[in-house]
Novice: 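This is the structure, below, for whatever I ask next.
Since this is a predicted model, take the numbers as computed values, not measurements. Hydrogens, waters and symmetry mates are skipped; everything else that's a heavy atom, side chains included, is used.
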Amino acid sequence: MQTVLFDQMMLHFRDEGPRDGRVVMFGNSLGTDLRVWDLLLPLLPQGLRIVRFDKPGHGLSDCPEAPYAMDELVRDAENLAEHLGLKDITFVGLSIGGLIGQGFAAKRPDLVKALVLMDTAAQIGTNDMWNTRVNAVRKGGIESLADPILERWFAPTYRNGQPAQMAAWRNMLTRTPAEGYIGCCQAIAAADLTESTRALTLPVMAMAGDQDGSTPPALVQATAELCNAAFHIIEDAGHLPCVEQPEVVAKLITEFLEATA
């Protein structure tokens with residue numbers, strides 16, 4: 001178990017692979033922990049240094065009192081990179097992890113050299129939408145929203161064909177501390193990275209599941225166009241294509257790594 005304290009908050013992470021390998025850093029989605037990448041990682045090229053972490057209020061990391069700010073979440077990624085002595089980072093961000101990646105790349109171009117945006121955008125949803133979700137979680141817990149969230153996360157093929165896996169994903173979601181989930185919702189609600197993402201000059205690749213109900217392909221494509229990113233649609237996938245279509249996602253990331261070597 002690998003942990004570090006930043007401003008009296010414990011951040012849980014995994015740092016795997018050769019110390020001199022090319023660094024690929026992963027930021028996961030709202031309501032998931034770093035295990036969301038488990039199926040994808042074995043399909044990536046050998047020799048990479050893989051770093052992934054649990055956001056505050058998720059996985060094994062501490063759960064500070066809400067609200068959280070996107071700048072704080074970006075600072076956690078920045079602090080972890082500096083703590084581990086990482087450089088020339090390719091950051092792969094899923095959903096809120098993609099917002100963190102955009103913010104990190106804009107703030108620290110000396111550290112982040114390439115960016116993969118997966119089912120994310122420069123601005124996700126509206127304040128009213130996120131406030132409604134926060135109020136629902138406060139009233140009935142995450143369990144009260146689990147069914148519609150899982151429908152946005154996964155395409156029908158996966159939902160209907162993987163009952164044991166669906167039970168596990170539901171557990172991961174509903175066992176996320178409500179305070180951590182709410183804090184990250186509030187960080188997303190206040191985040192509009194349009195201008196800083198438009199100013200990015202590093203190589204970027206974006207992708208979206210064709211059946212994503214959280215960040216639909218058109219929203220992801222609009223962000224890709226902001227920063228001149230290549231854009232790919234992943235067929236038969238929802239919000240977590242790294243889970244539903246890991247082979248397709250791994251191939252795209254591998255090609256991107258080769259192109260940006």
Novice: One thing to verify: whether E255 and K251 come together as a salt bridge, which I'm taking to mean a side-chain N less than 4.0 angstrom from a carboxylate O.
Specialist: yes
Novice: Would you compute the distance between atom CZ of F104 and atom CZ of R75 and round it to the nearest 0.5 angstrom?
Specialist: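 Going from the CZ atom of F104 to the CZ atom of R75 covers 13.0 Å.
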Novice: Identify whether the distance between the nearest side-chain nitrogen and carboxylate oxygen of D147 and R170 falls below 4.0 Å.
Specialist: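 Looking at R170 together with D147, the answer is yes, because their closest N to O distance falls below 4.0 Å.
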Novice: In the structure I gave you, are the side-chain heavy atoms of T120 and Q102 within less than 4.5 Å of one another anywhere?
Specialist: yes
Novice: Taking all non-hydrogen atoms of both residues into account, name the closest pair between M25 and A77 and its distance.
Specialist: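 Shortest heavy-atom separation between M25 and A77 comes out as CE-O, 3.5 Å.
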Novice: Is it true that D119 and R152 have a side-chain N and a carboxylate O under 4.0 angstrom from each other?
Specialist: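 Salt bridge absent between D119 and R152.
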Novice: What's the spacing between M118 CE and C242 SG if we round to 0.5 Å?
Specialist: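 So the gap between those two atoms works out to 5.0 Å.
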Novice: Are side-chain heavy atoms of K139 and N135 found at a separation under 4.5 Å?
Specialist: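 Contact flag for K139/N135 side chains = no.
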Novice: Looking at E82 and R108, does any basic side-chain N land under 4.0 Å from a carboxylate oxygen?
Specialist: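 So E82 pairs with R108 through a salt bridge.
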Novice: Hey, does L73 have a side-chain heavy atom less than 4.5 Å from the side chain of P56?
Specialist: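 The answer is yes; the side chains approach within 4.5 Å.
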Novice: Looking at side-chain heavy atoms only, is the closest gap between F26 and L41 below 4.5 Å?
Specialist: yes
Novice: Which heavy atom of C63 sits nearest to which heavy atom of G180, and what is that distance?
Specialist: SG-N, 3.3 Å
Novice: So which heavy atom on A114 is nearest to which on F256, and how close?
Specialist: CB-CE2, 3.8 Å
Novice: Assess whether atom CG of D71 is packed by more than 12 heavy atoms of other residues, nucleotides or ligands within 6.0 Å.
Specialist: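 No, not enclosed.
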Novice: How are the rings of H83 and F6 set to each other: parallel, tilted or perpendicular (split at 30° and 60°)?
Specialist: perpendicular
Novice: Would you say that N28 contacts F53 through its side chain, given a criterion of any heavy-atom pair below 4.5 Å between the two side chains?
Specialist: no
Novice: What's the spacing between L40 CG and Q245 CD if we round to 0.5 Å?
Specialist: 12.0 Å
Novice: Grab the two heavy atoms, one from A69 and one from A187, that are nearest each other, plus how far apart they are.
Specialist: C-CB, 3.9 Å
Novice: Please tell me whether T260 and R22 have a donor and an acceptor in their side chains that are separated by less than 3.5 angstrom.
Specialist: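 Present: a donor and an acceptor within the cut-off.
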Novice: Excluding sequence neighbours, so at least two apart, what forms ring pair (Phe, Tyr, Trp, His ring centres under 6.0 Å) with Y158?
Specialist: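 Residues passing ring pair (Phe, Tyr, Trp, His ring centres under 6.0 Å) with Y158: F154.
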Novice: When you measure from the side chain of R159 to the backbone of E151, do you find a donor-acceptor pair of N or O atoms at a distance under 3.5 Å?
Specialist: yes
Novice: Look at D15 together with R49 and state whether they make a salt bridge at an N to O cut-off of under 4.0 Å.
Specialist: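 Counted as a salt bridge, because a side-chain N and a carboxylate O are separated by less than 4.0 Å.
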Novice: Inspect the surroundings of CG in D7 and state if more than 12 heavy atoms from other residues, nucleotides or ligands are less than 6.0 Å away.
Specialist: no
Novice: So which atom in A81 and which in L111 form the shortest heavy-atom distance, rounded to 0.1 Å?
Specialist: CB-CD1, 4.3 Å
Novice: Kindly work out whether a path of hydrophobic side-chain contacts (I/L/V/M/F/W/Y, heavy atoms less than 4.5 Å apart) joins L219 to L193.
Specialist: no
Novice: For the atom pair CZ (R133) and CG (D128), what is the distance rounded to the nearest 0.5 Å?
Specialist: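 One gets 13.5 Å once the value is rounded to the nearest 0.5 Å.
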Novice: State the CG-CD distance between L226 and E195, to the nearest 0.5 angstrom.
Specialist: 8.0 Å
Novice: Testing the basics here: between A122 and T197, what is the closest heavy-atom pair and its distance to 0.1 Å?
Specialist: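 Heavy-atom minimum between the residues: CB-OG1, 4.2 Å.
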Novice: Do M10 and L80 sit in one hydrophobic cluster, given that two such residues count as connected whenever their side-chain heavy atoms are within less than 4.5 Å of each other, even indirectly?
Specialist: no
Novice: If we only count heavy atoms from C-beta on, is the S61 to F13 side-chain gap below 4.5 Å?
Specialist: no
Novice: Is there side-chain contact between L240 and S29, with at least one heavy-atom pair below 4.5 Å?
Specialist: yes
Novice: Within the 4.5 Å heavy-atom criterion, are T32 and L173 side-chain neighbours or not?
Specialist: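 No; the side chains remain at least 4.5 Å from each other.
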Novice: Quickly, which of D54, T3, D33, D62 forms a side-chain hydrogen bond (donor to acceptor under 3.5 Å, both in side chains) with H12? Name it, please.
Specialist: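 Exactly one option meets the side-chain hydrogen bond (donor to acceptor under 3.5 Å, both in side chains) with H12, and it is D54.
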Novice: Please determine whether side-chain contact (heavy atoms from CB on, under 4.5 Å) holds for the pair I182 and R138, giving the CA-CA distance in whole Å, both sets of side-chain angles, and the decisive distance to 0.1 Å.
Specialist: CA-CA 8 Å; I182 287 170; R138 283 182 170 146; 3.5 Å; yes
Novice: Which residue is it: T215, V220, I96? I am looking for the one with a side chain to side chain contact (heavy atoms under 4.5 Å, CB included) to I124.
Specialist: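 Testing each of T215, V220, I96 against I124, the sole residue satisfying side chain to side chain contact (heavy atoms under 4.5 Å, CB included) is T215.
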Novice: For R14 and V51: C-alpha separation, side-chain torsions, deciding distance, then whether side-chain contact (heavy atoms from CB on, under 4.5 Å) applies.
Specialist: CA-CA 6 Å; R14 289 186 188 168; V51 178; over 6 Å; no
Novice: Treat each ILVMFWY residue as a node, draw an edge where side-chain heavy atoms are under 4.5 Å apart, and state whether I50 and V116 are in one component.
Specialist: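 Looking at the clustering, V116 is in the same group as I50.
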Novice: When rounded to the nearest 0.5 angstrom, what is the spacing between OG1 in T176 and NZ in K55?
Specialist: 8.0 Å
Novice: Would you kindly confirm whether L86 and L44 end up in one hydrophobic cluster when ILVMFWY residues are joined by side chain heavy atoms under 4.5 Å apart?
Specialist: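 Linked within one cluster.
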Novice: Are L60 and L30 linked, directly or through other ILVMFWY residues, by side chains that come within less than 4.5 angstrom of each other?
Specialist: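 Unlinked, L60 and L30 end up in two clusters.
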Novice: Does E78 pair with K107 as a salt bridge, N-O distance under 4.0 Å?
Specialist: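 So E78 pairs with K107 through a salt bridge.
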